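For reference, the structure discussed in these notes is given below.
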Amino acid sequence: MSWLQALVLGLVQGLTEFLPVSSSAHLRITSTLFFGNDAGASFTAVIQLGTELAVLIYFAKDIGRFISAWFRGLFSAEARKEKDYRLAWYVIIGSIPISVLGYIFKDEIRTSARNLWITATMLIVFGLLLGLADQLAKHARSELTMKDAIGMGFAQALALIPGVSRSGGTLTAGLFLGLDRAAAARYSFLLAIPAVFGAGIFSIPDVLERGGPNDASIPQMIVATVLAFAVGYATIAWLLKYVSKHSYSAFVWYRVMLGIVLMGLLSTGLLPAT
């Protein structure tokens, strides 16, 4: 892997991880279109550690409260009534589907699921679903329930397929369940932490196994991850402010157009599907 590719992919990861446009799809497309190869699911998982570190720092006070409330609730019935205690459990329970399915289908995720025809289709289909949810949703609630946690957890698991979008899937589910845009986005950020950190740490040994034609060096991975962190932190702040005043229509149109363009490139042979 060249240094230019590592820097570009770190930038793309930071820009797209929290937007409902599928960071894995953008990394897959960018790597193949401009550099002639697929950086791979393992490299993607590792540099996502940078963006999830941005979530940890941005929501550090909230996360500290959740952890403290969770531990208090283990020993105190009174503490179990706290909102932060319940939310901590919602994050844990919502993370189970993607953890289990990610382990079961890890080989397919790294191979057949990365076909660009699948990516293009998922960009369009789940983009339209996001638009439908945004238009039909009541946006009535800001407080989560166990039903929301389970529904958004299974939606997050769909993001194992490039093109679905982890944030897009969870936001779509949250909106259909009746959450307002800000509440759905906030929980989407928190829900990503266990799953993405787990996937990233689990994938480090795979990336460190040298010998492939597109291997990234350790310095390249570190720099790409740091860049993803810096850009991702700024993206979180921007998105939370944006969704408080705007719909997701711009992202819906972008996803659909990108999917159509990608299908055109694949149909003409200008871009290989695998």
Side-chain angles (χ1 to χ4, degrees), residues 13-14 16-24 45 48-74 79-80 82-102 130 133 139 141-160 164-201 228-229 231-244 248:
Q13 169 63 24
T16 60
E17 170 64 22
F18 304 113
L19 304 182
V21 296
S22 179
S23 62
S24 58
Q48 283 178 337
L49 291 173
T51 44
E52 292 318 304
L53 181 59
V55 175
L56 282 178
I57 293 176
Y58 193 90
F59 292 106
K61 291 183 179 179
D62 292 337
I63 294 170
R65 287 202 328 270
F66 301 151
I67 294 174
S68 176
W70 187 79
F71 276 107
R72 288 199 310 273
L74 294 178
R80 295 185 198 115
E82 296 179 16
K83 176 181 175 182
D84 288 341
Y85 174 79
R86 295 195 303 273
L87 188 54
W89 270 114
Y90 295 161
V91 172
I92 294 170
I93 292 170
S95 301
I96 293 174
I98 194 170
S99 302
V100 174
L101 294 174
L130 175 60
H139 308 294
R141 294 185 294 113
S142 60
E143 191 162 331
L144 276 79
T145 65
M146 182 64 74
K147 179 182 177 181
D148 301 325
I150 295 172
M152 294 176 72
F154 275 100
Q156 178 176 245
L158 293 173
L160 293 168
V164 172
S165 172
R166 189 204 56 76
S167 59
T170 53
L171 289 171
T172 299
L175 293 173
F176 271 128
L177 288 166
L179 293 172
D180 62 41
R181 295 186 184 100
R186 190 177 185 83
Y187 180 65
S188 176
F189 289 141
L190 296 173
L191 186 60
I193 296 172
V196 175
F197 265 106
I201 294 171
F229 160 76
V231 178
Y233 188 91
T235 303
I236 294 172
W238 176 84
L239 183 62
L240 286 174
K241 183 177 180 180
Y242 180 88
V243 298
S244 66
Y248 289 106

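Residues take their numbers from the sequence shown, with the count starting at 1. Computed from a predicted structure; not experimentally measured.
For the pair Pro20 and Leu130, the tightest heavy-atom approach, listed with the atom from each and the gap, is CB-CD2, 3.7 Å. The shortest heavy-atom contact between Thr172 and Gly168 is OG1-O, 2.7 Å. Nearest heavy atoms, Ala79 versus Tyr85: O-CB, 3.6 Å.
To the nearest 0.5 Å, atom CZ of residue Arg166 and atom OG of residue Ser24 are 10.5 Å apart. To the nearest 0.5 Å, the span separating OG on Ser99 from CD1 on Ile92 amounts to 11.0 Å. For the atom pair Leu239 CG and Leu171 CG, the distance stands at 7.5 Å (nearest 0.5 Å). Summarising the geometry, atom CD belonging to Gln156 is positioned 6.5 Å from atom OG1 belonging to Thr170; distances are rounded to the nearest 0.5 Å. Note that CD1 of Ile67 is 11.0 Å distant from CG of Asp62, once rounded to the nearest 0.5 Å. Between the OG1 atom of Thr145 and the CG atom of Leu179 there is a distance of 7.5 Å, given to the nearest 0.5 Å.
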Margin query: Using side chain to side chain contact (heavy atoms under 4.5 Å, CB included), reason through Ser22 and Val164 one step at a time and then give a plain yes or no.
Written below: CA-CA 6 Å; Ser22 179; Val164 172; over 6 Å; no
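Aromatic ring pairs are classed by plane angle as parallel below 30°, tilted from 30° to 60° and perpendicular above 60°; the pair Phe18 and Phe189 is perpendicular.
Listed for the Thr235 side chain is a donor-acceptor partner under 3.5 Å among the backbone atoms of Gly14. The backbone N or O of Gly73 sits less than 3.5 Å from a side-chain atom of Arg80, completing a donor-acceptor pair. Listed for the Arg141 side chain is a donor-acceptor partner under 3.5 Å among the backbone atoms of Leu177.
Comment: Glu143 engages Arg86 in a salt bridge, judged by a side-chain N to carboxylate O separation of less than 4.0 angstrom.
With Phe229 as the partner, the side-chain contact (heavy atoms from CB on, under 4.5 Å) test is satisfied by one option alone out of Leu53, Leu56, Thr51, Leu49: Leu53.
Within 6.0 Å of CZ in Arg186 there are 12 or fewer heavy atoms belonging to other residues, nucleotides or ligands. Counted within 6.0 Å of OH on Tyr242, heavy atoms from surrounding residues, nucleotides or ligands total more than 12; the atom is thus considered enclosed.
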